Engineer: 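Sharing a structure, written as structure tokens. Questions coming.
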Amino acid sequence: DKLDVASTFATSNLLGQMGVKFADNVEIATGGDVKLKLHEPGDLVPTLEVFDAVSSGAIDAGWDWMGYWSSVVPVAQFYGGLPFGPTSEVSASWMWSGGGIDIIQREYAKHNVMVLPCFIEPQETAGWYRDEITGPDSFNGMKIRMSGLGAKVLTKLGASTQLVPGSETYLALERGRVDAADFAIPTVDEALGFYEVAKYNYFPGWHQSASWFSFIINKDVWDGYSDKRKAQFELACQATIQYTLNRLPAEQTEVIERMEKKGTITKRLPDDVINSLELAWGEILNEELKKPIVKEMYESLQTHQAKIMKWNELQNLK
Amino acid sequence: MKEALKSTIATIDRFGRLLGEITSWLVLGVLISVLIAVIAGALGANEMLSWGVDLPILGTKLTINGIFDLEWHFFAIMVMTGGTYAYLDDKHVRSDLIYANLPSNIKTWIDTIGDVFLLIPFAAVMVWLSSSFVARSFNSSEASDYGGLVDRFLIKATIPIGFSILIIIVLARVIKRFIDVYEEQAKPSKVRLSDFPEEQAKPNKANC
Amino acid sequence: MICALIAGVFTGYPVAFLLCGLGVLFAVMSGIPLGFMGTIVSKIYAGILSNWLLLAAPLFIYMGLMLDKSGLAQRLLLTLERLCGQLPGGLALSVAVLGIVMAASTGIVGASVMLLGVIALPVMLRQGYDKKFAAGVTAATGTLGILIPPSIMLVFMGAILQVSIGDLFKAALFPGLMLGTLYILYILGVGFFTPHRAPVPSLKALDDVNKGHSDSLMLELVKNLLGPLLLIGAVLGSIITGIATPTEAAGIGAAGATLLAWITRKLNFPVLRDVVRDTSKTTAMVIFVMIGAACFSAVFKRLGGDTMIEEMFLGTGFGPYGLLVLMMGLIFIMGFFLEWIEISFIVLPLFAPIIKVLDFGFDSTGTELLVWFAILAAMNMQTSFITPPFGYSLFYLRGVAPKGVTIQDIYKSSIPFVILQLICLALIVAFPSIVLWITRI
Ligand code: NA
Ligand code: NA
């Protein structure tokens, strides 16, 4: 059985490589019965059309960042990246044991799509800035490449956020069409060479403390699978999540140190900036919580997070 | 009967050309929105206008991302109707190394066979599949998720609408060619009375 | 499928519709579910209609047409003629400069060559130029426009190969100017060593030329030469320095051309109407080939055609340079019959993945290889367009050339220019840094 998978990321970078990892895991889990062929972005369908094409059955499956589908499934942007949200460990726990998957699956099912969130990216950096951030006012009039909920927060602080496609981000930053750009985690950013064109790499990544990437498959295709086959896919998915949780956090420090040797200045955003961002996010969140589906999802996450926090507190040695 | 058919065809033809003539002005829309985006980008302005009511396509406010969207909205409409306009004026690129020297009745046959067996089937498949594409967008109230324009289904609808118009125009052309052939056989004078003076006035390949 | 395409192309049926139709036809014949064609709807919407990278195309086309239809191009030629009139080969030189400046913006070969054929060739012949020389100047410089930025061909190549359009513009600038310089040297050489082929007009004739103009040469220079040159300079400059994206620069160029036409009192409703109408038709024409290519190649790939081609190339056992020469040879032959539009949309996507993984022995990233390859392909096509006996530009020139200029004249006239181009092509193959140095700074 061969399945064509449209990837929204090039397999030359980590985000696409994790799709390949998942494909390998599926092949192992099924004893070689199912082979996933990952197609490069734009090969089968344009990047932002993968969801629609899987939904219509024009293609079988896709490998994506969940935030891409927020124009069709608005709650997906909370899965793609939640500002001031919980850590990737908590997020993973909520997804698979706290009901996170049920809510998003219910929404995706309306579009005849089955979703397996299989890769959780750790907290991103706050982005690459050409100039120093000295206070909340620094964002005023700044042109920033960013998408999703984080972009709405920066807009509140007076920034002009623009959606520059990934492939043009380097050039836009180099030539000053944008003054700053958020992309992903250091492993990915290093490969794209952002350290060559922007001096400051800011932390912490307030705009998405954990981001989900997923395997999506047309529901008719999925429903045609036996229970055993479905379980094999889920096994492969869990193994991929565990792999990323194991591998990535320590690796980021190595990469950051490598980039610092090349001149990157790693900096923490001033506290008053973080406070202003959180305040602005609060306003946006209040607005978003008026949508029932967002409310349901957010409360479910809060409840689950509270349980984990209480447990951690009880176990705290210091 | 035949006269009625001929005048219907002439009307369809004129409608297609008129539509192309009107939408061609949208290139100025592209131009102006690009210029506004340049200026707004330079000034660092994001939200430009905001109004209370929820308008179709525009939503409740106009941001720089909305302007970016406007650019390609104009472009999309211009291209989808421009394809038909270019068909009417025979501006679609041909490899006319051989074609240019063929007798006109063979040219007519090539075009007719191509239109019937290649162009119309493709356009029909596109109308069919893009209609559900538009419906999916409508059902999910698809909108920009970065503060751009809303009601994406409207701009997506230019695909089925554009191809539907193309099919109608092409069908009219095909029927007209058959009428012409029929009349030519009926009248040995070989003078072809065309209903389309505009078409004759223009040399076939000028400007492209 | 490829055979059907080749056969179809020769019937002269519009290539865009041929590609569309063959895609559907072969999908049905090989039992691909029609639902798969939904991917083409996605590609039309997201890859074409909403692709902001393509917005530069209608604006560059508009800019070129505005310069042409408002008569600015023609007046530019007349001014250049007055300026260079006494130089050996001066008129041909004016035509070459006009070709570089003007064709620069329309970017469609057929259009550029016909434009020069209509406005420049008769002027040269009237002045007693050898038609075997004048025709070559017209065809070659009219074709040069697709290479020298701004070029809509490069806009589309950027979108096809997924490389930055700005990088392509920068990369094409130096090879384009190098070629332009060779042309100019050749023209000066002809004028200097064989003056009977490119006669300098007598002073009386020159006086006649001057008499037709009420302004002094200086004033005319400012009015007719400075404007367009500043405009092109501003457009290119803003792309190369990175002040503007290609789309923004094209917008500035289009607005500037309109402004220029207005200042020189050449802007009126009929001109504007013709410009927008032709812009719309030309843009749609290119875009429909793109739609057709999307349809054809989706089905072709689904049937395993791309892997077949890849295996065929790699199965030849050639080294990287051997494969490059093979690909260049194929593009060269196709350039006899097809516009750059079809070649770029159908062939480049098949070749690009092969090129990307080859090791040419010079230090480069995959993207740089693609930029280099794109410029090679562009230079190559440009050569094949003017290579007898088949050559796209020669064919178009014959269509508009004055009576008395035979196809043999046009053939003979183009040979020196083909040789100059082949020299350039060989130089770029041997020294990739000719293309890449500017993108590296
Ligand atoms: Na990001
Ligand atoms: Na050009």
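The figures that follow rest on heavy atoms only: side chains count, while hydrogens, waters and symmetry mates do not. Please read these numbers as outputs of a predicted model, since none were measured by experiment. Order of the sequence lines fixes the chain letters, A, B, ..., with proteins taken first and strands second; residue numbering starts at 1 for each chain.
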Engineer: Can a salt bridge be assigned to the pair C:Arg273 and B:Glu21 using a cut-off of 4.0 Å between side-chain N and carboxylate O?
Structural biologist: no

Engineer: Heavy-atom distances under 4.5 Å only: say whether B:Ile159 touches chain C with side chain, backbone, both or neither.
Structural biologist: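 Side chain only.
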
Engineer: Where on C:Ile48 is there a heavy atom nearer than 4.5 Å to chain B: the side chain, the backbone, both, or neither?
Structural biologist: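 It is the backbone, since no side chain atom gets that close.
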
Engineer: Checking heavy atoms, do the side chain of C:Val24, its backbone, both or neither come under 4.5 Å from chain B?
Structural biologist: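 Only the side chain of C:Val24 comes within 4.5 Å of chain B.
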
Engineer: Between B:Phe122 and B:Phe163, does the ring centre distance come in under 6.0 Å?
Structural biologist: yes

Engineer: Please output the residues of residues 123-130 of chain B in contact with chain C, using a heavy-atom cutoff of under 4.5 Å, in numerical order.
Structural biologist: B:Val125, B:Met126, B:Trp128, B:Leu129, B:Ser130

Engineer: So which of B:Ala86, B:Gly114, B:Ser33 has the biggest tally of heavy-atom pairs under 4.5 Å with chain C?
Structural biologist: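 Max contact count across the listed options: B:Gly114.
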
Engineer: So, do B:Lys156 and B:Arg136 sit near enough that their side-chain heavy atoms are less than 4.5 Å apart?
Structural biologist: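 The answer is no; the side chains never approach within 4.5 Å.
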
Engineer: Measure distances from C:Tyr45 to the heavy atoms of chain B and classify the residue's part below 4.5 Å as side chain, backbone, both or neither.
Structural biologist: both

Engineer: Any side-chain heavy atom of B:Asp13 sitting closer than 4.5 Å to one from B:Arg173?
Structural biologist: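 Yes. Closest side-chain heavy atoms under 4.5 Å.
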
Engineer: Please flag which part of C:Phe10 lies under 4.5 Å from any non-hydrogen atom of chain B: side chain, backbone, both or neither.
Structural biologist: both

Engineer: For the residue pair B:Trp109 and B:Phe178, categorise the inter-ring angle as parallel (less than 30°), tilted (30 to 60°) or perpendicular (more than 60°).
Structural biologist: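 Perpendicular, since the angle between the ring planes exceeds 60°.
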
Engineer: Determine whether the side chains of B:Thr112 and B:Arg177 contain a donor N or O and an acceptor N or O closer than 3.5 Å.
Structural biologist: yes

Engineer: Counting heavy atoms not belonging to B:Phe153, are there more than 12 under 6.0 Å from its CZ?
Structural biologist: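 It does: B:Phe153 CZ has more than 12 such atoms within range.
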
Engineer: Determine, for B:Arg17 against B:Asp89, whether the closest basic-nitrogen to carboxylate-oxygen distance falls under 4.0 angstrom.
Structural biologist: yes

Engineer: Report yes or no: do C:Tyr13 and B:Asp115 form a side-chain donor-acceptor pair below 3.5 Å?
Structural biologist: yes

Engineer: By a 4.5 Å heavy-atom criterion (distance strictly below it), what part of C:Thr283 contacts chain B: side chain, backbone, both, or neither?
Structural biologist: side chain

Engineer: Measuring heavy-atom distances to chain C, does B:Leu28 have an atom under 4.5 Å in its side chain, in its backbone, in both, or in neither?
Structural biologist: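 Interface part for B:Leu28: side chain.
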
Engineer: Based on non-hydrogen pairs under 4.5 Å, which of C:Ile287, C:Leu55, C:Val15 is most in contact with chain B?
Structural biologist: C:Leu55

Engineer: May I ask you to say whether B:Lys176 pairs ionically with B:Asp180, meaning some side-chain N is under 4.0 Å from a carboxylate O?
Structural biologist: yes

Engineer: Chain C heavy atoms under 4.5 Å from B:Leu35: which part of the residue, side chain, backbone, both or neither?
Structural biologist: side chain

Engineer: Strictly by modelled atom types, are B:Thr23 and B:Tyr85 linked by a side-chain donor-acceptor pair under 3.5 Å?
Structural biologist: no

Engineer: Students often mix this up, so state it plainly: with edges at 30° and 60°, are the rings of C:Phe17 and B:Tyr87 parallel, tilted or perpendicular?
Structural biologist: tilted

Engineer: Please classify the contact between C:Leu25 and chain B as side chain, backbone, both or neither, with a heavy-atom cut-off of under 4.5 Å.
Structural biologist: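 Looking at C:Leu25, just its side chain touches chain B.
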
Engineer: Quick check for you: among B:Val38, B:Val34, B:Ile110, which has the greatest number of heavy-atom pairs under 4.5 Å with chain C?
Structural biologist: B:Ile110

